[in-house]
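Below, read A as the first sequence line, B as the second, and so on, with proteins coming before strands; counting in each chain starts at 1.
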Number of protein chains: 2
Amino acid sequence: MRSIGKRVELLRVVAHPVRIRILDELLKGVKCVSDFEEFLSISQPNVSQHLSLLRQYGVVDYYMDGRLRCYFLKDPIIPDILEVLKKDYMEELPAPACCPVTKKGTYPGERRR
Amino acid sequence: MRSIGKRVELLRVVAHPVRIRILDELLKGVKCVSDFEEFLSISQPNVSQHLSLLRQYGVVDYYMDGRLRCYFLKDPIIPDILEVLKKDYMEELPAPACCPVTKKGTYPGERRR
DNA sequence: TGCAAATATTATTATATATGAATATAAAAC
DNA sequence: GTTTTATATTCATATATAATAATATTTGCA
């Protein structure tokens, strides 16, 4: 079981516009590097660098097919993260009705804001 | 409705060990700055800096109670992110059984890895 | 065997982020 | 009105991250 620290680290690795697009694309199926190169319109070395990072953190893996590397999703947290990321949220969370849990708060008091 | 770019940005803001702990604590209820200072054992200015960033991105808000600032969660995506982050995942995702969706792949071929 | 295709790695540089220290602000208490 | 308490802001610096360019590796194929 992964520590909370490791999970946050993973979140940081994933929280990048290009890498999110890569992962979202992998959600649909296996893809090779040159597919991403085209799809993302970024340089091949840069695609490889992002994939390398994702591999390093166990987020993706690949198999070889001739000289292609076919990448696929490996970490099961990824589909869940992508789902939350795409979900629509209509409202803000309800403001707390009463009484901070803080030891110092003396609510109810004036709400100045 | 928030763009996907904004969502990824938000994810990046959230993907920090201290800020995750702050948010996880706010999940339990309202807290003020000095509570965090104690709980996180980091300096007051640093707590304020993290809270400032979270405010800037609409993740949290606060009300004033005397000279205390009582912070609370505002963005509804946060509980969902925290839930995914805490969830236990037992297995890796199943490796793709067949046939890359890539235009270049010629699978089935030898799986070298 | 040598060439071309697909991908990876390394080095460099620019930029962003994080933290600590110092200072500022704002409200309450006296 | 001055002091104290709670919090915010600013500045400086260290560190991490990102992208580009150049080069290396690996594999299939002529």
Original post:
So what does A:F36 hit on the nucleic acid, given a heavy-atom distance under 4.0 Å: a base, only sugar-phosphate, or nothing?
Top reply: nothing

Could you work out which one of [options] sits closest to the side chain of [X]?
X: B:C32; options: D:dA8, D:dT7, C:dT7; result: D:dT7
X: B:L68; options: D:dA6, D:dT17, D:dC11; result: D:dA6
X: B:S52; options: D:dT9, C:dT7, D:dT7; result: D:dT9
X: A:P45; options: D:dA8, D:dT7, C:dA8; result: C:dA8
X: B:H50; options: D:dA19, C:dA8, C:dT19; result: C:dT19
X: B:R67; options: C:dA28, D:dA19, C:dT7; result: C:dA28
X: A:Q44; options: D:dT7, C:dA6, C:dA8; result: C:dA8

Does [X] have a side-chain nitrogen or oxygen under 4.0 Å from the phosphate oxygens OP1 or OP2 of [N]?
X: B:S34; N: D:dT7; answer: yes
X: A:Y71; N: C:dA8; answer: yes
X: B:H16; N: C:dT17; answer: no
X: A:R12; N: D:dT17; answer: yes

Original post:
Out of B:L26, B:L51, B:L54, which residue meets the side chain to side chain contact (heavy atoms under 4.5 Å, CB included) rule with B:V59?
Top reply: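 The single option meeting the side chain to side chain contact (heavy atoms under 4.5 Å, CB included) with B:V59 is B:L54.
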
Original post:
Testing B:I22, B:V33, B:V30, B:D61 for side chain to side chain contact (heavy atoms under 4.5 Å, CB included) with B:Y71, which one passes?
Top reply: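 The passing option is B:V33.
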
**OP:** Apply salt bridge (Lys or Arg N to Asp or Glu O under 4.0 Å) to the pair B:D88 and A:R7, showing each step before the final yes or no.
**Re:** CA-CA 11 Å; B:D88 271 337; A:R7 288 159 198 238; 3.1 Å; yes

Expressed as a whole number of angstroms, how long is the span from [X]:[atom1] to [N]:[atom2]?
X: A:E37; N: D:dT20; atom1: CD; atom2: C1'; answer: 14 Å
X: A:L54; N: D:dA18; atom1: CG; atom2: C1'; answer: 14 Å
X: B:I42; N: C:dA21; atom1: CD1; atom2: P; answer: 13 Å
X: B:L40; N: C:dA18; atom1: CG; atom2: C1'; answer: 15 Å
X: A:R69; N: D:dG28; atom1: CZ; atom2: C1'; answer: 15 Å
X: A:L51; N: C:dA6; atom1: CG; atom2: C1'; answer: 13 Å
X: B:N46; N: D:dT10; atom1: CG; atom2: P; answer: 16 Å
X: B:L53; N: D:dT9; atom1: CG; atom2: P; answer: 12 Å

Original post:
Mind checking whether B:I42 and B:H50 have side chains closer than 4.5 Å, heavy atoms only?
Top reply: yes

**OP:** Measure from the side-chain N and O atoms of B:D35 to the backbone N and O of B:C32, and report whether any donor-acceptor pair falls under 3.5 Å.
**Re:** yes

**OP:** Using a cut-off of 6.0 Å, state whether more than 12 heavy atoms not belonging to B:E83 lie near its atom CD.
**Re:** no

**OP:** Check whether the side chain of A:Q49 and the base of D:dT20 form a donor-acceptor pair under 3.5 Å.
**Re:**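 Side chain to base: pair found, below 3.5 Å.
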
